[in-house]
Amino acid sequence: MTDASTPLIVGSVTGRFDKADHASRSDDDLLAGLNPPQLEAVTYRGPALLIVAGAGSGKTSVLTRRIASLLRSREAWPSQILAITFTNKAAGEMRERVRSLIGDRAEGMWISTFHSACVRILRREAQQFGFTKSFTIYDSGDSRALIKRLVKEHEGDAFGLTPAGTQSRISKLKNELADAESYARQANMSDPVERVFVEIFGAYQRELQKANAFDFDDLIGQTVYLFRAFPHVADQYRRRFRHILVDEYQDTNHAQYALIHELTRPIGSDAAPVASSGGMMIFEPEPVGEDAASLTVVGDSDQSIYAFRGADIRNITEFERDYPGAKVVLLEQNYRSTQNILSAANAVISNNFDRKEKRLWTDVGAGEPIIGFTGYSQHDEAQFVADEIESLHKTGVDYSQMAVFYRTNSQSRALEEIFIRSAVPYKIMGGTKFYERAEIKDALAYLVAVANPADEMALRRILNRPRRGIGDVTETSIARYAADQQITFRDALANSSALGVGPKLQAAIAQLDAILAEATAIMLPSTGELAPPTAVAEGLTLLLNKSGYFDALRRSRDPQDEARLENLDELVAVTREFARNNPEGTVIDFLSEVALVADADDLDDASGSVSLMTLHTAKGLEFDAVFLTGVEEDLIPHRISANEPGGPAEERRLFYVGITRARKRLYLSLAMTRAQFGEVTVAMPSRFLQEVPSELIDWRQSPGDVNSRGGSRSRALNARPSGGSDSGSWGSKRYGDDLAPKSTAIDKFPNRIPAKVRDNGDLVLASGDRIRHDDFGEGRVDAVTGEGAKRVAHVRFDTVGAKKLLIKIAPIAKI
DNA sequence: TCAGGCACCGTTTTT
DNA sequence: CGGTGCCTGA
């Protein structure tokens, strides 16, 4: 569909781009099948381009074709392209798709996450500012452990500072590019809590530096610092990357924004007035000079779901201000979902005010209705999901084309139990992570101890793993000796006889020192020779064998230790795999890779099974059938979000992301009761349910059925109030910042869900009992199932037939 | 030093 | 409920 009237080339800025015209001719296959806005997004050439890409609008396709077209027309060498994605998986996919478009010419591009790209830059430049190229990366677990120690040392708990709270505050500040000093300058330092916090923040940063380590936030922040402090270094990268493309731009935080900003400055523009006021870096919007790299960003502010982690939606909403003259292309046609699904999505998201109007549409037709289901308990809900999956499977839908989403990881358990029982093959994405398991962290700590001897945390971790009899006391004497002698903790181990500990301990320490040295010889041979590709695998095996780690697990009679051994075997397998893929990869490269992978990366293994994941993990994926479970108040929107500014709106976007993952079928389900930490609580339908136009939902069992108020009109659950204005009122009715009192939303259910739930206490029913129901009249109990608050009576009513009732809350009485 | 028992606690999302 | 941290006794 080549539209001759659509200008292929818009506003080329320099002579360099003139080849694009020639390019467009040879690019027919790249442009085939694109709609006009997509075409423009691929072919526009200019300093800055914002592609507002609604869900399912083909943005990955557009992005990859844009890259391919730049390369094929020789407007850019692969090495001049920097494409940033949010996850490793997305990066891999993009690389693959570009390769399939233009083949090996794709070699040499940087397609990676922010974090990986920064690691690559920092490895090269670290020695410029007090780190070495063998720095290690602290994941959030590592940094939490360090912060925990520091909070304790500074007695932060006496000031109400918790490790978790301190960690998240530090992280937020780093995302704003603040450091301890700049924060201290604008904080209220007469507040003792603030003083202690600043102390801990500062100490944390010194410890990281001492350990030659960066945490996740530092990877970005320190790269920005590097570029600002060393303009000539920044210029090298500005000269190199001529085309910068950023995916999921709505999820960038301030530090990431600043990084992109630094890279897209004109070369040699080191004047860079960096005003720091209260930790916030202020930029004057400056015209992008001719020499600046061209920037393409893709995003959808309706899918911004990481504000809690510092993502700043303004980065995308104010793109045109930041990059004056930027071209904006809007992709609204959806190629993924049916119209029913899109209508639901549009209706829900239109309740967020202060957003740019955008309406997804498709030409594939209405499709199936959305199916709703309300279970008595989360098990009941899970059973429905399992049954439905089975019947879809029978009609030919592959398991791998179905997914179940939930808001919190803990919800996966109930689903899992039922799936196992129902023999539904499933795979949980995310969840407990391989690289966060204790034995894996131990093994990696051994590698870190070799790769980065400055990293004291890693050494302390393995000091007594397996048990060597080295406890707190001994650990402290090693640390003290190191401090006295002004040597590192690692070097102190080599002097075990001087530590003033008993002979047994001396031997244990000397033994540890020896195997670390031996592993170092294998993995990091000194005299310039290259370590063989297998070095990491060999070194790791040696460490685990000679340290006695394997033996300890084998000897153990804890049944879990068998699984731990298997996990370690798998880790060794990972090192082999790494060696195959990176023949020249060092142990340091291996550790970087491992630190930066998320578990979403095993997505490929999901073939043949249903995918279970959180709504956050679901972003960017799509499935034929999607089950969105736990659509309840306090879950989505999550109760914690209620007090956060913009929280409810973000929850709505999360719900929207979930809906828009579905291609053909969407199920919305909830439970009337939900057990959390051992207690059964009564759940209420989410306000978002009511935002979905009622005619789109086909309720198999509505909330009304289950709590038996107005159950006879179940389909009418979210029918509009009679007499009220019709469809027009949906999009325009807005509650302040979504903070409308919960009851308002609930009251709008015509057959209202009681805000105060009736409680029948310990009403005991047995089969054969006669009962009277407020709405259904009299009936006879056939059976009672379930336990405690979840007991369900199966009742045959004289007039309305069989119903299942939750005994605890149904409006019933024994006759 | 360390295993085991017990109390308590917090409960979201993750590169 | 499950994990963590603290305390005890050996």
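Values in this document were obtained by computation on a predicted structure and should not be read as measured data. Numbers restart at 1 for each chain; the letters A, B, ... are given by sequence-line order, proteins then strands.
Distance, A:Phe655 CZ to B:dT13 P: 18 Å, rounded to whole Å. In this structure, the CD atom of A:Gln303 is 20 Å from the P atom of B:dT13, given to the nearest Å. A:Asp561 places its CG atom 12 Å from the P atom of B:dA3, with the value rounded to the nearest Å. Atom CG in A:Leu219 sits roughly 10 Å away from atom C1' in B:dT15 (whole-Å rounding). Rounded to a whole Å, the CZ atom of A:Phe405 is 13 Å from the P atom of B:dT14. In this structure, A:His115 atom NE2 and B:dT14 atom C1' are separated by 9 Å, rounded to whole Å. Here B:dT12 presents its C1' atom at 10 Å from CG of A:Leu635, a figure rounded to the nearest Å. Across the protein-nucleic acid pair, A:Asp634 atom CG and B:dT11 atom C1' stand 13 Å apart, rounded to whole Å.
For the segment residues 244-252 of chain A, the set of residues with a heavy atom within less than 4.0 Å of an atom of DNA chain B is empty.
Salt bridge absent: A:Arg687 and A:Glu691 never bring a charged side-chain N and a carboxylate O closer than 4.0 Å.
Among the protein residues, A:Phe114 comes within range of no part of the nucleic acid, since none of its heavy atoms lies under 4.0 Å from any strand. Among the atoms of the strands shown, none is found under 4.0 Å from any heavy atom of A:Arg639. Using a 4.0 Å heavy-atom criterion, one finds that A:Arg653 contacts no nucleic acid atom at all. Within the nucleic acid shown, A:Phe216 comes within 4.0 Å of at least one base atom, counting heavy atoms only.
Between A:Asn409 and B:dT13, a side-chain N or O to OP1/OP2 separation shorter than 4.0 Å is present. Of the side-chain N and O atoms in A:Arg413, one or more sit less than 4.0 angstrom from OP1 or OP2 of C:dG2. Taking only side-chain nitrogens and oxygens, A:Ser410 never comes nearer than 4.0 Å to OP1 or OP2 of C:dC1. Phosphate proximity of B:dC2 to A:Asn464: present, with a side-chain N or O under 4.0 Å from OP1 or OP2. Dashed line: the shortest gap from a side-chain N or O of A:Ser641 to OP1 or OP2 of B:dT12 is not under 4.0 Å.
With distances taken from any side-chain atom of A:Thr614 to the nucleotides B:dT15, B:dT13, B:dT12, the minimum falls on B:dT13. For A:Lys152, taking side-chain heavy atoms from C-beta onward, the closest of the listed nucleotides C:dC6, B:dT15, B:dT14 is C:dC6. When the nucleotides B:dT1, B:dT14, C:dC6 are ranked by their closest atom to the side chain of A:Val473, B:dT1 comes out on top. When the nucleotides B:dT13, B:dT14, B:dT1 are ranked by their closest atom to the side chain of A:Thr474, B:dT1 comes out on top.
A:Thr629 places a side-chain N or O within donor-acceptor distance of the main-chain N or O of A:Phe405, the cut-off being under 3.5 Å. Side chain of A:Arg674 to main chain of A:Thr681: no donor-acceptor pair is present (N/O by atom type, distance under 3.5 Å, no hydrogens or angles).
Comparing A:His638 and A:Gly471 against DNA chain B, the residue whose closest nucleotide sits nearer the 5' end is A:Gly471. Nearest-nucleotide positions on DNA chain B for A:Ile470 and A:Glu651 put A:Ile470 closer to the 5' end.
Checked by atom type, the side-chain pair A:Ser143/A:Gln167 shows a donor-acceptor distance below 3.5 Å. Using a 3.5 Å distance cut-off with no hydrogens or angles, the side chains of A:Tyr237 and A:Glu125 do pair a donor with an acceptor.
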task: Begin with the C-alpha distance, continue with both residues' side-chain angles, and end with the deciding distance and a verdict on side-chain contact (heavy atoms from CB on, under 4.5 Å) for A:Tyr435 and A:Val574.
output: CA-CA 11 Å; A:Tyr435 291 107; A:Val574 171; 3.6 Å; yes
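Taking CG from A:Leu161 and OG1 from A:Thr166, the interatomic distance works out to 4.5 Å, rounded to the nearest 0.5 Å.
For an aromatic pair to be called close, the ring centres must be under 6.0 Å apart, and A:Phe114 with A:Phe86 fails this.
Counting distance only, with no hydrogens placed and no angle test, the side-chain atoms of A:Arg407 and the base atoms of B:dT12 include a donor-acceptor pair under 3.5 Å.
Residues meeting the ring pair (Phe, Tyr, Trp, His ring centres under 6.0 Å) test with A:His616, sequence neighbours left out: A:Tyr306, A:Phe308.
Centre separation under 5.5 Å together with a plane angle under 30° holds for the ring of A:Phe308 and the six-membered base ring of B:dT13, marking them as stacked.
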